[in-house]
Amino acid sequence: MIIVLKREASEETAREILGRIEEKGLKPLYMPGTERIVLGALGDERVLGQLGLDGHPMVESLKPILSPYKLVSREMHPHDTVVRFGGTVIGGNAFAVIAGPCAVETEERLRESASAVAAAGAIGIRAGAYKPRSSPYSFQGHGPEGLATLRAVGDELGLPVITEIMDTADVEAVAEKADMLQVGARNMQNFALLKALGKVTKPVLLKRGLSAKVEELLLAAEYLLAAGNEQVILCERGIRTFETATRNTLDLNAVAYMKQKTHLPVFVDPSHGTGVRDLVAPMALAAAACGADGLLIEVHHNPVDAWSDGAQSLYPHQFQALMETLRPVLAAVGRDLA
Ligand code: PEP
Ligand code: MN
């Protein structure tokens, strides 16, 4: 429920109402604006009825929050959220590109790929230290050593780093080393992990599950916000459909939809979204055109030799060319490259 207070309502009145909301076991929200104070109450709205707020002299109006995801919804928070990634800001007018190899392979290899994406203008480096692989016999990532390598290379280049978190047991270690934590498609509904990530002070990039509906992605994000972390980026990375020509079907409808329904920044990963190197750039441009706030792209200095996802990894020169073609597309939709 959104509770709009009258213009003349004092902060003291707001605090008194918030206290009553909390007493009923609901989650109170305080949203002071320039013109008036707006309050929120999350939980069973029938309980809220018992507070008799519709008759309160300082309450202007009561509005139920219709969407099942309350904190993530624009109804609750009309302005765009910005997310801090190292020293940069994601979600404003600037369009952010984060790139790097699928996995941390060796320090030399990461340095080579990461330097190339940095030189082309990426604002951050991606690389997995913990890899969720379909087969238990595939390269699983170097774990803690991979994290240390990623941190070291990020520091060398002066760029923030993002890496995947797969297990609640690793949350502290990954949050200590990474500037942003990625929840992969396979863990989108790992609710224990989401609750744990709600408590960290680093931002989270939440990828859409392979077969997840947009509503399920938004409800998964709601777990993060409800647990206390508002620094969340949503990421469309393709879904499984009947189509087999590409690895996944990149759902750009979801991007435009989520930009309307939520205040969180929305990223697109055209690498996993297509699985095909030559389709990455066209879909990256399409993502920029349809309102995404940034891209997560796999780039490897030598994709044919990559330990994972080589077929969808760009060569550095392709990434550089993409960065150049992004500029006019972004300018056409009134945005700049970060
Ligand atoms: C990745 O980013 O390398 C990855 C495993 O992505 P996803 O979870 O989208 O499959
Ligand atoms: Mn990958």
Side-chain angles (χ1 to χ4, degrees), residues 85 96-105 109-110 113-114 117 122 124-136 138-143 146-147 150 161-167 170 174 178-190 193-194 197 203-212 214 216-217 220-221 232-241 246-252 254-255 258 266-277 279-280 283-284 287 292 294-315 319:
F85 179 39
V97 181
I98 301 173
C102 179
V104 179
E105 296 171 356
R109 284 165 163 252
L110 180 62
S113 300
V117 302
I125 305 297
R126 63 143 292 148
Y130 296 89
K131 294 305 303 174
R133 305 306 301 281
S134 299
S135 163
S138 301
F139 172 56
Q140 303 285 307
H142 293 306
L147 276 181
L150 178 61
V161 298
I162 174 170
T163 198
E164 183 159 352
I165 172 79
M166 289 169 50
D167 194 322
D170 302 321
V174 178
D179 299 292
M180 178 149 44
L181 286 75
Q182 173 177 326
V183 175
R186 291 155 191 83
N187 270 310
M188 187 201 85
Q189 285 186 317
N190 180 340
L193 183 61
L194 297 174
L197 292 172
V204 174
L205 179 136
L206 178 63
K207 287 188 150 195
R208 181 175 181 184
L210 280 74
S211 302
V214 173
E216 290 164 329
L217 170 59
V232 175
I233 297 176
L234 303 164
C235 182
E236 165 59 38
R237 49 77 71 204
I239 47 173
R240 187 160 289 183
T241 66
T246 50
R247 180 178 178 183
N248 289 298
T249 297
L250 188 66
D251 180 10
L252 293 182
V255 176
M258 291 192 292
V266 178
F267 262 45
V268 169
D269 172 350
S271 308
H272 294 85
T274 62
V276 182
R277 180 179 308 121
L279 302 181
V280 171
M283 296 317 291
L295 297 166
L296 191 67
I297 298 192
E298 287 185 340
V299 180
H300 194 283
H301 64 284
N302 186 18
V304 289
D305 191 30
W307 296 1
S308 56
D309 285 347
Q312 66 193 34
S313 297
L314 296 182
Y315 283 88
F319 179 67

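First listed ligand is number 1; within each ligand, the first listed atom is number 1.
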If you apply the rule side chain to side chain contact (heavy atoms under 4.5 Å, CB included), what do you find for Glu236 with Leu250, and how did you get there? CA-CA 7 Å; Glu236 165 59 38; Leu250 188 66; 4.0 Å; yes
For atom 8 (O) of ligand 1, what's the nearest protein heavy-atom neighbour? Residue, atom name and distance, please. Ala185 N, 2.8 Å
Mark up the atoms of ligand 1 that fall under 4.0 Å of a heavy atom belonging to Gly184, in ascending order. 8 (O)
From CA spacing to verdict: side chain to side chain contact (heavy atoms under 4.5 Å, CB included), Trp307, Arg109: CA-CA 11 Å; Trp307 296 1; Arg109 284 165 163 252; 3.4 Å; yes
Can you check side chain to side chain contact (heavy atoms under 4.5 Å, CB included) on Leu252 and Met283, steps first, answer last? CA-CA 9 Å; Leu252 293 182; Met283 296 317 291; 3.9 Å; yes
For the residue pair Asp179 and Val161, what are the closest heavy atoms and their distance? OD2-N, 2.8 Å
Report yes or no: does a heavy atom of Gly128 sit under 4.0 Å from some atom of ligand 1? no
What residue and atom, counting heavy atoms only, is the protein's closest point to atom 6 (O) of ligand 1, and at what distance? Lys207 NZ, 2.9 Å
Any idea which atoms of ligand 1 are less than 4.0 Å away from a heavy-atom of Cys102? 3 (O)
Are Val183 and Asn190 close enough, and set up right, to give a side chain to side chain contact (heavy atoms under 4.5 Å, CB included), and what steps lead you there? CA-CA 9 Å; Val183 175; Asn190 180 340; over 6 Å; no
Looking only at distance, does Asp309 have an N or O less than 3.5 Å from an N or O of ligand 1? no
Tell me, yes or no, whether the heavy-atom count around Arg133 atom CZ, taken from other residues, nucleotides or ligands under 6.0 Å, exceeds 12. yes
Return a yes/no value for Asp269: is any of its N or O atoms, backbone included, closer than 3.5 angstrom to an N or O of ligand 1? no
So, at under 2.8 Å, which protein N, O or S atoms would a careful student list around the Mn ion (ligand 2)? Cys102 SG, His272 NE2, Glu298 OE2, Asp309 OD2
Which of Arg277, Glu298, His300 passes side chain to side chain donor-acceptor pair (under 3.5 Å) with Gln312? It is Glu298
Check each of Arg247, His272, Met188 against atom 1 (C) of ligand 1 and report the one with the nearest heavy atom. His272
Looking only at N/O atoms, are Leu296 and ligand 1 under 3.5 Å apart anywhere? no
Side chain Arg208, main chain Ala185, donor-acceptor under 3.5 Å: no
Taking side-chain contact (heavy atoms from CB on, under 4.5 Å) as the criterion, tell me which of Glu216, Arg237, Lys207 meets it with Met188. Glu216
Between Met258 and Leu217 the two heavy atoms that sit nearest each other are SD-CD2, 3.6 Å
Show me which atoms of ligand 1 lie under 4.0 Å from any heavy atom of Arg237. 7 (P), 9 (O), 10 (O)
Closest non-hydrogen atom pair, Leu314 against Phe319: CD1-CA, 3.9 Å
Would you say Glu164 touches ligand 1, if touching means a heavy atom closer than 4.0 Å? yes
